[in-house]
Amino acid sequence: MYRRDLRDTSHDGLLADMATADAAVQAAPAPDDDRIAYALTREDQTDLWLHDGSADARLTSEGISAMRRGRGDTQWFAWNPDGDRIAYIDAAGTLSKVDTETGTVEELTHHDDPDLGLAWGEHGVAAVTNAVSRAALVLVDPDTGSQQVLADDDYLYADPRWGDDGLYAVRAPHRSLFDFASELVRFPIEGGDVVDEPAVLFHEDAVRVQTPRPHPDGDGVAFVHDAAGFDAIHYADGKAVAEAADGTASAQTTVVHAADGTEIGAPAWHPDGDRLAFTATRKARAHVGVADVDGDADLLSEGDEKHTGPFWRDGALHTVRGGPTTPPQVWNAEVGEPVVATGAVGFEDRLANPTAFTFRSGGTEIHTVVYPPVGGFPDEADSVPVLVHPHGGPTAFDDFGWDYRSQYFAALGYAVAMPNYRGSDGYGRAHRMANDGDWGGGDLDDVIDAAEATADAFPAVDADRAGVFGGSGGGLMTVNALGNSDVFDAGAAFYGVYDYETFVDDTDDIGWQLMKRELGDLATDLENYREASPIRTVPDIEDPVLVLHGEEDTRVPISQSEQLCNELEKHGKRHELQRYAEEPHGFSQRENVVDAYTRVADLFAKYLRIDPDDGSSRPHRPDEE
């Protein structure tokens with residue numbers, strides 16, 4: 001379907017370097033000094049590291065679970081109150097602890113299903129786990145590993161945090177999956193024990209509550225909710241919390257910080273308890289700031305950046321910061337420099353500086369991040385082919401953070417357009433919910449319209465030479481776009497869902513609940529599943545499709561790609577299936593990332609580029625065919 005010796009391959013080494021660059025994921029300060037524990041991904045493994053102010057030591061060697069999922073990330077590791085041990089979730093999903101002096105590791109749980117988040121306090125390690133039921137909450141003794149089930153009910157629990165008066169958490173009905181509605185609860189401490197009957201402290205219909213952060217002196221809790229349409233930080237003092245726990249009404253709160261058209265999140269108390277750090281996400285940029293409890297707020301960053309997980313260390317505000325040309329790193333936001341030096345250097349001069357624009361699709365404004373070719377757009381009109389790259393999720397969003405995939409194609413001379421289509425996070429509640437009950441409707445229009453809109457915004461872009469590629473939710477968007485329009489000349493679909501009816505038989509609980517929320521119950525809404533499935537559009541696909549999938553994917557099993565390719569074969573469509581052993585939902589192994597994306601580059605070179613070989617290409621060996 002494509003040659004492997006057609007195009008300039010001089011940038012394939014850059015792809016390998018970017019895909020395996022050191023990237024910080026999350027960081028946490030020690031409770032008793034200026035040390036920082038942080039999760040760092042190196043090559044295809046994430047481990048726990050310790051920074052003591054002058055040197056860095058790796059505490060684990062067999063991998064941990066840690067990933068960024070949004071503005072209210074799970075706490076994947078936590079210090080004990082004495083500052084000499086750290087609890088973490090290993091790569092297999094087992095709750096473990098490591099001694100920071102000796103490096104001795106001990107497993108605390110031996111579940112068949114993974115643990116998903118934790119908090120360590122005086123009463124033990126609170127952990128969210130799938131071992132009891134989906135996202136149940138347990139209390140683990142850090143010395144013996146014995147467990148007390150705190151919550152095993154009709155809710156999903158997340159983000160437990162210890163306060164002086166109990167264990168705070170958020171919970172959501174299974175079908176909501178935290179992106180529609182959730183509430184704030186507290187498990188009180190009585191007689192020195194944690195009570196397994198939580199009190200609801202804050203609930204409003206169709207409002208999402210996130211990131212509970214108990215006051216450092218025990219005076220209530222700060223948290224985030226979106227009742228006004230965008231996420232904002234609210235504070236309920238100790239009196240308000242006590243009254244809500246004893247009654248039936250939600251706690252009375254004050255707004256600490258809100259901003260028009262901006263998602264405010266990730267609050268973090270200063271040790272003095274008089275101010276909170278926060279992140280501010282607006283138009284794909286995520287900055288960090290500080291807000292006094294009385295509401296005065298200032299940003300400490302600017303420009304094309306992405307800050308996550310703010311925390312305080314020795315009175316100074318820190319985050320994990322990344323950008324389009326810089327992988328995420330532990331960052332001192334007060335002075336604007338990295339705390340931990342990583343091996344990810346020298347990228348700035350070789351990469352593109354993205355920009356953004358907004359277009360209207362079906363009456364909705366669609367904010368779109370665009371990577372021009374490295375060096376910027378040329379003056380010549382219609383000289384640059386465009387790749388539309390829809391994100392997955394679907395409740396996610398593209399931003400100005402580190403994106404080696406888009407940078408690779410920018411280095412190859414493409415414009416890469418990433419529309420934050422209807423259903424994307426980061427643009428307020430209405431936009432996030434805009435594709436509910438309309439999967440493959442308006443959101444698909446936004447993806448299809450992005451090619452022409454990008455050409456209208458940037459004269460160098462040629463919309464008549466357009467490709468589309470994406471993974472997971474972006475994979476299904478890719479197939480849907482090819483089958484519902486003639487805009488694109490080729491597409492590459494990574495680990496997508498293509499037959500919604502069969503998907504529910506094979507996926508995990510999250511995938512199943514997502515289907516029910518978006519499309520209804522099979523018993524009553526089966527036609528929704530069949531009508532919305534991308535596989536139904538195969539007869540109308542006229543352009544080549546490259547399908548790529550990991551064989552260890554449990555979220556979207558490879559059977560989805562097999563079904564798609566069977567249907568493509570049945571209808572005589574140009575296609576190819578590439579299988580990757582030992583890859584889960586998303587590729588991480590260097591050789592697989594390079595193989596997959598160079599194949600996509602070969603596909604687009606054939607169908608989108610004019611004279612793609614500038615004389616610098618080198619033939620691939622026959623065994624690489």
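The aromatic rings of H225 and F223 lie tilted to each other, with the angle between the two planes from 30° to 60°. Using bins of under 30°, 30° to 60° and over 60° for the plane-to-plane angle, the ring pair F187/Y157 lands in the tilted bin.
Taking the six-membered ring wherever Trp is involved, the centroid distance between the rings of H367 and Y427 falls below 6.0 Å. A distance below 6.0 Å separates the ring centres of W269 and H215.
Between the CZ atom in R282 and the CD1 atom in I264 there is a gap of 10.0 Å [rounded to 0.5 Å]. One finds the OG atom of S406 at 11.5 Å from the CG atom of L351 (value rounded to the nearest 0.5 Å). R85 contributes atom CZ, which lies 12.0 Å from atom CH2 of W79 (distance to the nearest 0.5 angstrom). For the atom pair CD (E107) and OG (S96), the distance works out to 5.0 Å, reported to the nearest 0.5 Å. With rounding to the nearest 0.5 Å, the separation of CD in E263 from CD in Q210 is 8.5 Å.
In this structure, T41 contributes its side chain and T46 its backbone to no donor-acceptor pair below 3.5 Å. A donor-acceptor contact shorter than 3.5 Å links the side chain of Q45 to the backbone of S61. The main-chain N or O of D425 is never found under 3.5 Å from a side-chain atom of T395 such that the two would form a donor-acceptor pair. Between the T74 side chain and the W76 main chain, no donor and acceptor come within less than 3.5 Å of each other. Of the possible donor and acceptor atoms, one in the side chain of Q75 sits under 3.5 Å from a partner among the backbone N and O of L118. In this structure, the side chain of S65 engages the main chain of D90 through a donor-acceptor pair within 3.5 Å.
Taking 4.0 Å as the cut-off between side-chain N and carboxylate O, K239 and D237 do not count as a salt-bridged pair. Checked for salt-bridge contact, R186 and D165 meet the test: a charged N lies under 4.0 Å from a carboxylate O. With respect to the salt-bridge test (charged N to carboxylate O, under 4.0 angstrom), the residues R422 and D443 do not qualify. Between E305 and R285 there is no salt bridge, since no side-chain nitrogen of the basic residue lies less than 4.0 Å from a carboxylate oxygen of the acidic one. Note on D226 versus R429: salt bridge recorded, some NZ/NE/NH1/NH2 to OD/OE distance being below 4.0 Å. Ion pairing of D292 with R275 is absent here, as no side-chain N (NZ or NE/NH1/NH2) approaches a carboxylate O to less than 4.0 Å. Remark: R213 engages D159 in a salt bridge, criterion side-chain N to carboxylate O under 4.0 Å.
For E204, the CD atom counts as densely surrounded, since its 6.0 Å shell holds more than 12 non-hydrogen atoms of other residues, nucleotides or ligands. No more than 12 heavy atoms of other residues, nucleotides or ligands lie within 6.0 Å of CD in Q252, so this atom counts as exposed by the packing criterion.
If you run side chain to side chain contact (heavy atoms under 4.5 Å, CB included) between Y38 and each of V339, L59, D56, only D56 comes through. Of the options T129, L167, D152, a side chain to side chain contact (heavy atoms under 4.5 Å, CB included) to L137 is made by L167 and by none of the others.
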Worksheet item: When you look at Y421 and H391, which way does the ring pair (Phe, Tyr, Trp, His ring centres under 6.0 Å) test go after all the steps?
Response: CA-CA 9 Å; Y421 52 82; H391 62 71; 4.3 Å; yes

